Amino acid sequence: MTFFPASFPSASSGLTAGSAALPYRIGSRHGIAHKWSRGSVAALAARIGESYVAALPFARSGTGMLLTGLSPATAEAAPATAPRLLTHQEVPAAADYAAAVAEAVRRLKADPAFRKVVLARGLDLTFERAPDPQALLAELSRDPVALPFLLPIHDPSREAAKQLIGASPELLLEKTGTAVRSHPLAGSARRTGHAAEDHAAAARLTDSGKDRGEHALVVEYISDTLAPLCRDFTPPGPPEVFTTDSMLHLGTPIRATLRDADHTAFDLAVRLHPTPAVGGTPMEQAERTIADLEAAPRDFFAGAIGWGDSTGDGAWHIAIRCAELLGTRARLFAGAGIVEGSDPAAETAETGAKFGTMLRALGCAALRDQL
Ligand SMILES: C=C(O[C@H]1C=CC=C(C(=O)O)[C@@H]1O)C(=O)O
């Protein structure tokens, strides 16, 4: 699957940028859409070069990063030995995450208008020496369906050089001229790599009313947001199974044609973010529940990362299957969509399985079986 038009500088190997230049406020949900008109994006692109890269945090009120020095990812060979893992700690522990899921299910059952919330947790790792981000990026590039990314996300005035690294399987929005594309994912099963087991898991996922329901909320939200901006919007067909290196997902390809090419990719991404693939339905209630029940601050996890050019074209992915790197430490993140029919133990296991992408790249794939 190709996520980027051929003109994108890093089309073949991922999204990377040199330095965090201009932290900016997203403001209100639609505020930036006006500020970031085609003209302002063109002016910005002229200042920083042909293209820009940006990262939006999960929180709509958070501070985003506009990144300059867009640099093609160099897929260097990974060193033979990954740094030795010294410690690992789940944040929170699996039992506490399961308790948070149970509480979310209680709240969902108590209010029929509250349909879904995505709850996440972290996994803190420390290594004998600092993992090499370029080597990790090369490892993450092995999955052809995911977008590898490596972005500096630190605010220079606040802290040391934090980097966000991952391989996103989820396309939030791509815009080329008037053509737009999205590929929402929701509803998941662990991939074991054994063909017969994965085949059976894919069949169970396709037949699961609970997974189809949590997926449909995301497709509905994206369709409702894009349809008024598009001509002849055709409702997408049923979901398909989408296979990544470590997971199976329900995924729905969405394609449409904008009425007006003047919407920039940035504008559309900000209108869509965050979707119920990482937030919930309704969003305000999900945000409150996430603030109440999650132990690890999300920051840029479950945010959006993307690029754009002076014509307004660009592509945005959801920042999942990722980690924050800070020296010898890494914090991995994983979330699961919780609906009324969720089983806390199964959702906890799902987050454990989702850590698999980063664990494999970091050379500690075996840890996935203990989570
Ligand atoms: C929030 C994550 O995944 C999202 C994307 C695909 C499937 C999901 C799910 O089945 O819950 C999540 O919505 C994550 O990987 O941390």
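Here the structure is a predicted model, which is why all the values come from computation and not from measurement. One-based numbering, in listed order, for ligands and for the atoms of each.
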Colleague: Salt-bridge test for R212 and D207: reply yes if a basic N is under 4.0 Å from a carboxylate O, no otherwise.
Modeller: no
Colleague: I'd like to know if R288 pairs up with E284 as an ion pair, taking the criterion as any Lys NZ or Arg NE/NH1/NH2 lying under 4.0 Å from an Asp or Glu carboxylate oxygen.
Modeller: no
Colleague: Determine whether any heavy atom of A120 lies closer than 4.0 Å to an atom of ligand 1.
Modeller: no
Colleague: What residue and atom, counting heavy atoms only, is the protein's closest point to atom 3 (O) of ligand 1, and at what distance?
Modeller: R321 NH2, 3.3 Å
Colleague: Can you tell me if CZ on R298 sees more than 12 non-hydrogen neighbours from other groups inside 6.0 Å?
Modeller: yes
Colleague: Using a heavy-atom cut-off of under 4.0 Å, does the side chain or the backbone of L185 touch ligand 1, or both, or neither?
Modeller: both
Colleague: So if I count the atoms of ligand 1 from 1 in the order they appear, which ones are less than 4.0 Å from some heavy atom of H249?
Modeller: 6 (C), 7 (C)
Colleague: Decide whether the shortest distance between a heavy atom of F301 and an atom of ligand 1 is less than 4.0 Å.
Modeller: yes
Colleague: Considering only heavy atoms of A336, which atoms of ligand 1 have at least one such atom less than 4.0 Å away?
Modeller: 11 (O)
Colleague: Which residue and non-hydrogen atom of the protein lie closest to atom 2 (C) of ligand 1, and at what distance in Å?
Modeller: G335 O, 3.5 Å
Colleague: Could you tell me whether E347 and K210 make a salt bridge, using a distance below 4.0 angstrom between a side-chain N and a carboxylate O?
Modeller: yes
Colleague: Do any nitrogen or oxygen atoms of I320 lie less than 3.5 angstrom from nitrogen or oxygen atoms of ligand 1?
Modeller: no
Colleague: Considering the heavy atoms of S188, write down every atom of ligand 1 situated less than 4.0 Å from one of them.
Modeller: 7 (C), 8 (C), 9 (C), 10 (O)
Colleague: If the cut-off is 4.0 Å to any non-hydrogen atom of E214, which atoms of ligand 1 fall inside it?
Modeller: 9 (C), 10 (O), 11 (O)
Colleague: Any atoms of ligand 1 less than 4.0 Å from a non-hydrogen atom of E350? List them with their elements.
Modeller: 9 (C), 10 (O), 11 (O)
Colleague: Do the charged groups of R190 and D369 touch, with an N to O distance under 4.0 Å?
Modeller: yes
Colleague: Side chain of T126, backbone of T87: donor and acceptor closer than 3.5 Å?
Modeller: yes
Colleague: Strictly distance-based, threshold 3.5 Å: is any side-chain N or O of R321 a donor or acceptor partner for the main-chain N or O of E170?
Modeller: no
Colleague: For a side-chain contact (heavy atoms from CB on, under 4.5 Å) with F333, tell me which candidate from F301, F300, F58 qualifies.
Modeller: F301
Colleague: Inspect the contact between E340 and K109 and indicate whether a charged nitrogen and a carboxylate oxygen are less than 4.0 angstrom apart.
Modeller: no
Colleague: Where is the nearest protein heavy atom to atom 11 (O) of ligand 1: which residue, which atom, and how far?
Modeller: G337 N, 2.8 Å
Colleague: Run the numbers for me: atoms of ligand 1, each under 4.0 Å from some heavy atom of K354, listed by number.
Modeller: 2 (C), 3 (O), 7 (C), 8 (C), 9 (C), 10 (O), 11 (O), 12 (C), 14 (C), 15 (O)
Colleague: Of all the non-hydrogen atoms in the protein, which one sits nearest to atom 5 (C) of ligand 1, and at what distance?
Modeller: E170 OE1, 3.4 Å
